[in-house]
Novice: 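Handing you this structure, nothing more for now.
Order of the sequence lines sets the chain letters (A, B, ...), proteins ahead of strands, with each chain counted from 1.
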There are 2 protein chains.
Amino acid sequence: MEIHDSLGYLLNTSARMIKRKMDACLEKYTITTSQWAVLKLLDTKEVLTQAQVAEGLRGDRATMGSVIQRLQEKKLIDKVLDTKDRRAYLVCLTPVAKEMIKDIEKMAQDVFAEALKGFEESDIEVLYRSIRRIIANLSEEENV
Amino acid sequence: MEIHDSLGYLLNTSARMIKRKMDACLEKYTITTSQWAVLKLLDTKEVLTQAQVAEGLRGDRATMGSVIQRLQEKKLIDKVLDTKDRRAYLVCLTPVAKEMIKDIEKMAQDVFAEALKGFEESDIEVLYRSIRRIIANLSEEENV
DNA sequence: GTAGAATAGTAAGCATACATATTATACGTA
DNA sequence: TACGTATAATATGTATGCTTACTATTCTAC
């Protein structure tokens, strides 16, 4: 099978292209797409431990730790030691970050709209359902 | 919008999960998923310059250069200076790599089969067509 | 023929992404 | 109460992935 026909190549390439476009748009806010994902998760969940952030974004704790560290350096999140579990830090957004997220939200939608230009509504529905199914399939096997 | 509902998150996460699974399977061959993609491309095209490899996999020349270097160190590809264009190298597979690719091909199919377990044939068709359309949409805007 | 633009490959810097290992802390059980 | 197992965070090493910049070479237009 041609590499260009493989599911891995198609998913990886489309993901990289969206990330590239998002990174370019996010540059003016001095954050990256991965950092944006962490901010978005905390916007919904308010307070999480680093382990929960990693789990929430299906990333590894070491990587998420360093993404969180950079966000902390940029004063976009705060992390404080959990008094109930002294191993853990509680992570939340700063007011600056909350303000910023409002501005970025629309821009992110525009990137996805561009990616999905000309799509049938029904195809969009199948696409999203399919990708979620792939994630579920690969999570399932992991837990065996 | 929830981060988990965003197209970027869905594509990125599914791509990373497939890559993770592929990397685990490829470990016994001592190569990575990105290296495998280069080998697969050269298996089809026989001889390419590094710039063509980068273009063929929609990557940047610096990154592809270092992936190719590592494959050369592993004796899986050869690169020779192009006598017609002394800027360029011609890259091709070694016999060892060609033998290896046969073994890996089936394993790669198994990973995709696992990802697509339980899918309707029609949904698979919509999924592939949709992702190709996303790639085309994002390529188009790049070339404006 | 020459100058300017473009290309091929690499260097350097920064940001993930992943795996493995270590330290400190928490939890459950005998 | 002590011990073994599990967890949270970080350290380290390796491999991308991307951007910018540089050098050598090629190509095109005048």
Side-chain angles (χ1 to χ4, degrees), chain A residues 8-9 12-27 30-38 48-74 77 79-91 142, chain B residues 8-9 12-27 29-38 48-74 76-77 79-91 142:
Chain A
Y9 171 84
N12 184 261
T13 299
S14 57
R16 282 195 297 119
M17 292 178 86
I18 286 189
K19 183 177 194 298
R20 209 181 285 165
K21 192 84 59 175
M22 285 287 290
D23 280 345
C25 294
L26 288 169
E27 192 169 0
T30 70
I31 63 171
T32 66
T33 305
S34 306
Q35 292 166 9
W36 166 246
V38 172
L48 292 174
T49 67
Q50 290 191 191
Q52 287 168 330
V53 170
E55 189 178 7
L57 297 177
R58 292 183 182 278
D60 66 286
R61 287 181 285 121
T63 303
M64 285 301 108
S66 77
V67 174
I68 287 166
Q69 180 176 6
R70 268 182 292 283
L71 286 170
Q72 188 183 28
E73 285 161 4
K74 293 172 179 177
I77 61 149
K79 46 187 276 195
V80 295
L81 212 50
D82 186 350
T83 55
K84 292 191 182 68
D85 182 343
R86 293 196 309 280
R87 295 172 298 180
Y89 285 95
L90 299 176
V91 189
E142 256 174 20
Chain B
Y9 171 83
N12 183 261
T13 299
S14 57
R16 283 194 295 118
M17 291 179 87
I18 286 188
K19 183 176 192 301
R20 210 183 283 166
K21 193 83 63 175
M22 285 287 289
D23 279 343
C25 294
L26 288 168
E27 192 169 359
Y29 298 92
T30 71
I31 64 171
T32 67
T33 306
S34 305
Q35 290 165 12
W36 166 246
V38 173
L48 292 174
T49 67
Q50 290 191 191
Q52 288 170 329
V53 170
E55 189 178 7
L57 296 177
R58 292 185 181 279
D60 66 284
R61 289 177 285 116
T63 301
M64 287 300 109
S66 77
V67 173
I68 286 166
Q69 181 178 5
R70 268 184 291 283
L71 285 170
Q72 188 183 28
E73 285 162 5
K74 294 174 179 177
L76 295 174
I77 60 149
K79 46 187 273 194
V80 294
L81 213 49
D82 187 350
T83 56
K84 292 194 184 65
D85 183 342
R86 291 196 310 281
R87 296 172 295 181
Y89 284 97
L90 299 176
V91 188
E142 255 174 20

Novice: How would nucleotides 18-23 of chain D be written as a contact map, 5' to 3', with B for base contact, S for sugar-phosphate-only contact and - for no contact, using protein heavy atoms under 4.0 Å?
Specialist: BB----

Novice: Tell me whether B:Asn12 contacts the main-chain N or O of A:Ala15 through its side chain, where contact means a donor paired with an acceptor under 3.5 Å.
Specialist: no

Novice: Would you mind telling me which of A:Lys21, A:Arg20, A:Lys19 makes a side chain to side chain donor-acceptor pair (under 3.5 Å) with A:Asp23?
Specialist: A:Lys19

Novice: Using only atom types and a distance under 3.5 Å, with no angle test, would you say the side chain of B:Lys79 pairs donor to acceptor with the backbone of B:Gln72?
Specialist: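 Not a single qualifying donor-acceptor pair exists.
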
Novice: By nearest nucleotide on DNA chain D, pick out whichever of A:Gly65 and A:Asn12 is the more 5' one.
Specialist: A:Gly65

Novice: Looking only at heavy atoms, what is the nearest atom pair of B:Ala88 and B:Leu81, with distance?
Specialist: O-CD1, 3.5 Å

Novice: Begin from the C-alpha positions of B:Thr49 and B:Leu90 and carry the test side-chain contact (heavy atoms from CB on, under 4.5 Å) through to its verdict.
Specialist: CA-CA 5 Å; B:Thr49 67; B:Leu90 299 176; 4.0 Å; yes

Novice: Earliest and latest nucleotide of DNA chain C, 5' to 3', sitting under 4.0 Å from a non-hydrogen atom of chain B?
Specialist: C:dA6 to C:dA19

Novice: In whole Å, what is the span from the NZ atom of A:Lys19 to the C1' atom of D:dT16?
Specialist: 11 Å

Novice: Reckon A:Gln35 touches a base, only the sugar-phosphate, or nothing at all at heavy-atom distances under 4.0 Å?
Specialist: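 Sugar-phosphate only.
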
Novice: Tell me whether the OP1 or OP2 atom of D:dG17 has a side-chain N or O from B:Ser34 closer than 4.0 Å.
Specialist: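 Result: yes.
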
Novice: Nearest whole Å is fine: how far is D:dC27 P from B:Lys84 NZ?
Specialist: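 To the nearest whole Å, that distance equals 12 Å.
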
Novice: Closest approach to the side chain of B:Arg70, judged atom by atom: which nucleotide of D:dT16, D:dT25, D:dA9 is it?
Specialist: D:dT16

Novice: How far does CG of A:Asp82 sit from CD of A:Gln50, to the nearest 0.5 angstrom?
Specialist: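 Going from the CG atom of A:Asp82 to the CD atom of A:Gln50 covers 12.0 Å.
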
Novice: Donor-acceptor pair, A:Arg16 side chain versus B:Arg58 backbone, under 3.5 Å?
Specialist: yes

Novice: For A:Glu55 and D:dA9, give me the distance from atom CD to atom P, rounded to whole Å.
Specialist: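 Going from A:Glu55 (CD) to D:dA9 (P), I get 12 Å.
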
Novice: Quickly work out the B:Leu81 CG to D:dT25 C1' distance and round it to whole Å.
Specialist: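 Distance check: B:Leu81 CG to D:dT25 C1' gives 11 Å.
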
Novice: Over how many whole Å does the gap from B:Arg87 atom CZ to D:dC27 atom P extend?
Specialist: 6 Å

Novice: Indicate the atoms forming the closest heavy-atom contact of B:Ala54 with B:Met64, along with that distance.
Specialist: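 Closest approach of B:Ala54 to B:Met64: CA-CG, 3.4 Å.
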
Novice: So, is A:Gln50 close to the D:dT10 phosphate, meaning a side-chain N or O under 4.0 Å from OP1 or OP2?
Specialist: yes

Novice: Which whole-number value in Å describes the distance from A:Met64 CE to D:dA11 P?
Specialist: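 Going from CE in A:Met64 over to P in D:dA11 covers 16 Å.
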
Novice: Step through the shown structure and confirm whether more than 12 heavy atoms of other residues, nucleotides or ligands are within 6.0 Å of CD on A:Glu27.
Specialist: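 Not more than 12 within 6.0 Å, no.
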
Novice: When you match A:Val67 and B:Leu90 each to their closest nucleotide on DNA chain C, which lands nearer the 5' end?
Specialist: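 Final value for this comparison: B:Leu90.
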
